[in-house]
Trainee: 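What follows is a structure written as structure tokens; I'll ask about it next.
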Number of protein chains: 2
Amino acid sequence: MTAIKESSTIQENKQYALEKCPVTFVMEKIGGYWKPIILYHLSTGDKRYSELKRAIPAVTEKMLIQHLKQLEADGLVIREAKPVVPPFVTYKLSNAGTGLLPVIDAMAAWAFKVKDGVYTI
Amino acid sequence: MTAIKESSTIQENKQYALEKCPVTFVMEKIGGYWKPIILYHLSTGDKRYSELKRAIPAVTEKMLIQHLKQLEADGLVIREAKPVVPPFVTYKLSNAGTGLLPVIDAMAAWAFKVKDGVYTI
DNA sequence: ACAAGTACTTACCCTAAAGTATGTATTATG
DNA sequence: CATAATACATACTTTAGGGTAAGTACTTGT
């Protein structure tokens, strides 16, 4: 979980943007290539780690858990581990995570409008 | 506008995500620290370049035009330049850009819910 | 005995995004 | 004659994010 230099303009600006801009706040949570995709896959119900891995073949294991851990730390997903062997771990959306689905939907709606040429870009 | 290496895994994955995931498509357009903030400032009406600069003091000029140019290239904002001197350039939201406002609003709504403790994260 | 499956972890590298600093053209104004 | 104001541009450096590759622990199946 890559160390961050505690004093860099980029971090200060992130701080500024986080406080000033709710959108940036959301971006912090669901930004990155994989988080939205993970969220999407969890929106249809809980999934095991290995299920997610198979569902998103292009993601590396490092990226997958790294983002799962971040999503968990941000309270968007809930991890449940059964103390068995081989391990049995499932991930599911929390209330906050579920609350993000309308945002995801609004984004998807806009994306499809653009692709359907509704907006003559 | 930083040149991109045409063959790197990161670019291939971005491609994958762009095709598979409408959310990533939106992220491409409004991701980055400054784009949402710029969009937000333009949501209340057109602004001159210098007005934006003053309205967002933490952004550097390089970042500001770089993002404005990208937003323009993506058809989200429209640039209008009057051929006078000193230059007089205004930026405003296009239809597509305006179409994004509901997304921004949904994000803001979620962010405020989180901050108000609606979701016991 | 050894591979396979599970859910990770860790060390190292590479690249794209962000930041710093300075320069450009044009005209008005003191 | 020099400075200010406008809207940029550009060379160079830094940093955070993403990728590669390999290893860990524990058990079941062959």
Side-chain angles (χ1 to χ4, degrees), chain A residues 1-17 24 27-38 46-54 56-72 77 79-91, chain B residues 1-17 24 27-35 37-38 46-72 77 79-91:
Chain A
M1 225 163 280
T2 27
I4 36 174
K5 254 203 135 181
E6 81 297 325
S7 179
S8 67
T9 317
I10 185 167
Q11 285 306 315
E12 284 163 29
N13 278 345
K14 193 176 274 187
Q15 214 33 48
Y16 165 85
T24 304
M27 292 295 194
E28 274 291 298
K29 309 290 181 194
I30 64 173
Y33 303 143
W34 303 112
K35 278 186 193 168
I37 301 183
I38 294 169
D46 16 348
K47 292 265 180 346
R48 289 185 68 175
Y49 173 82
S50 51
E51 286 182 290
L52 285 171
K53 208 174 68 178
R54 273 188 293 272
I56 318 171
V59 77
T60 65
E61 293 206 64
K62 184 200 165 196
M63 284 294 103
L64 185 53
I65 9 153
Q66 192 175 98
H67 285 134
L68 281 171
K69 296 289 173 196
Q70 278 175 35
L71 289 168
E72 193 195 358
V77 309
R79 192 188 99 112
E80 270 164 14
K82 288 182 186 161
V84 295
V85 68
F88 192 95
V89 178
T90 52
Y91 290 92
Chain B
M1 227 164 278
T2 27
I4 35 173
K5 251 201 136 180
E6 82 296 323
S7 179
S8 67
T9 316
I10 186 165
Q11 284 307 315
E12 284 162 29
N13 278 346
K14 195 174 272 187
Q15 213 35 47
Y16 165 84
T24 304
M27 292 295 195
E28 273 293 297
K29 309 291 181 193
I30 65 173
Y33 305 141
W34 303 113
K35 278 186 193 168
I37 299 182
I38 294 170
D46 16 346
K47 292 266 181 344
R48 288 186 69 175
Y49 173 81
S50 51
E51 285 181 292
L52 285 171
K53 208 174 69 177
R54 272 188 293 271
I56 317 172
V59 76
T60 64
E61 292 205 66
K62 184 200 167 198
M63 285 293 104
L64 185 54
I65 9 153
Q66 191 175 99
H67 286 132
L68 281 171
K69 296 288 172 197
Q70 278 176 35
L71 289 169
E72 193 195 358
V77 309
R79 192 188 98 112
E80 271 164 12
K82 288 183 187 161
V84 295
V85 67
F88 192 96
V89 178
T90 52
Y91 290 91

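As the structure is a computational prediction, the values presented were derived from the model and not from experiment. Scope of the values below: all heavy atoms of this structure, side chains included, with no hydrogens, waters or symmetry mates. Per chain, numbering begins at 1; letters A, B, ... match sequence-line order.
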Trainee: Is the cationic atom of A/Lys82 (NZ for Lys, CZ for Arg) positioned less than 6.0 Å from the six-membered ring centroid of A/Phe88 and within 45 degrees of its normal?
Mentor: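 Pair A/Lys82/A/Phe88 counts as cation-pi.
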Trainee: In whole angstrom, give the distance that lies between atom NZ of B/Lys53 and atom P of D/dC8.
Mentor: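 To the nearest whole Å, that distance equals 11 Å.
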Trainee: Can you see if the side chain of A/Arg48 gets near the phosphate of C/dA7 - specifically, an N or O under 4.0 Å from OP1 or OP2?
Mentor: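 So the side chain of A/Arg48 is within the cut-off, an N or O lying under 4.0 Å from OP1 or OP2 of C/dA7.
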Trainee: Output the single nucleotide from D/dG19, D/dA7, C/dT6 whose closest atom is nearest the side chain of A/Arg54.
Mentor: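 For A/Arg54, the side-chain atoms sit closest to C/dT6.
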Trainee: Measure from the side chain of B/Glu61, starting at C-beta and using heavy atoms only, and say which of C/dA7, D/dC8, D/dT6 lies closest.
Mentor: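 Taking heavy atoms from C-beta onward, the closest nucleotide is D/dC8.
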Trainee: Do the non-hydrogen side-chain atoms of B/Arg79 and B/Lys69 ever get within less than 4.5 Å of each other?
Mentor: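 Side chain of B/Arg79 against side chain of B/Lys69, heavy atoms only: contact under 4.5 Å found.
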Trainee: Does some side-chain heavy atom of B/Leu71 sit less than 4.5 Å from a side-chain heavy atom of B/Lys35?
Mentor: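 Of all side-chain heavy-atom pairs linking B/Leu71 with B/Lys35, at least one is under 4.5 Å.
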Trainee: Compute the angle between the rotation axes at the two ends of the helix from C/dA1-D/dT30 to C/dG30-D/dC1, each taken over five pairs, rounded to 10 degrees.
Mentor: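 Angle reported: 30°, given to the nearest ten degrees.
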Trainee: When you check the phosphate oxygens OP1 and OP2 of D/dG18, does a side-chain N or O of A/His67 lie under 4.0 Å from one of them?
Mentor: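 For D/dG18, OP1 or OP2 has a side-chain N or O of A/His67 closer than 4.0 Å.
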Trainee: Does the side chain of B/Thr90 come within less than 4.5 Å of B/Tyr49's, by heavy atoms?
Mentor: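 No, their side chains stay 4.5 Å or more apart.
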Trainee: Closest to the B/Tyr49 side chain: C/dC8, D/dA7, C/dT6?
Mentor: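 Of the candidates, D/dA7 comes closest.
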Trainee: Sub-3.5 Å donor-acceptor pair from the side chain of B/Glu51 to the main-chain atoms of B/Arg48, do we have one?
Mentor: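 Answer holds: yes.
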Trainee: Step by step, would you call B/Trp34 with B/Ile56 a side chain to side chain contact (heavy atoms under 4.5 Å, CB included)?
Mentor: CA-CA 9 Å; B/Trp34 303 113; B/Ile56 317 172; 3.9 Å; yes
Trainee: Any heavy-atom pair between the side chains of B/Val59 and B/Ile37 that's under 4.5 Å?
Mentor: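 Answer no - side chains too far apart.
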Trainee: When the nearest nucleotide of DNA chain C is assigned to A/Val89 and to B/Met63 on a heavy-atom basis, which residue is associated with the more 5' position?
Mentor: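 Upstream on the strand: A/Val89.
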Trainee: Please lay out, stage by stage, how A/Val77 and A/Ile38 fare under the test side chain to side chain contact (heavy atoms under 4.5 Å, CB included).
Mentor: CA-CA 10 Å; A/Val77 309; A/Ile38 294 169; 5.6 Å; no
Trainee: If you find the nucleotide of DNA chain D closest to B/Lys62 and the one closest to B/Ser50, which residue's nucleotide is nearer the 5' end?
Mentor: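 Looking at the nearest nucleotide for each, B/Ser50 comes out on the 5' side.
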Trainee: Measure from CD on B/Gln66 to P on D/dA9 and round the result to the nearest Å.
Mentor: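 It works out to 11 Å between those atoms.
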Trainee: In this structure, how many angstroms lie between the C1' atom of D/dT10 and the CG atom of B/Leu64, rounded?
Mentor: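 Rounded to the whole Å, the gap is 16 Å.
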Trainee: Can you confirm whether A/Tyr91 sits close enough to A/Leu68 that some side-chain heavy atom of one is under 4.5 Å from a side-chain heavy atom of the other?
Mentor: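 They are in side-chain contact.
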Trainee: Please state how far atom CG in B/Asp46 lies from atom P in D/dA7, giving the value in whole angstrom units.
Mentor: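 One finds 13 Å between P of D/dA7 and CG of B/Asp46, rounded.
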Trainee: Nearest to the A/Lys69 side chain among D/dC8, C/dA7, C/dT9, which nucleotide is it?
Mentor: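 Among the listed nucleotides, the one closest to the side chain of A/Lys69 is C/dT9.
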Trainee: At a heavy-atom distance below 4.0 Å, what parts of residues 79-87 of chain B sit against DNA chain D?
Mentor: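 Result for residues 79-87 of chain B: B/Arg79, B/Pro86, B/Pro87, sorted by number.
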Trainee: Side chain of B/Thr60 only, heavy atoms from C-beta on: which candidate in C/dT20, D/dT20, C/dC8 is closest?
Mentor: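 When the side chain of B/Thr60 is considered, C/dT20 is the closest of C/dT20, D/dT20, C/dC8.
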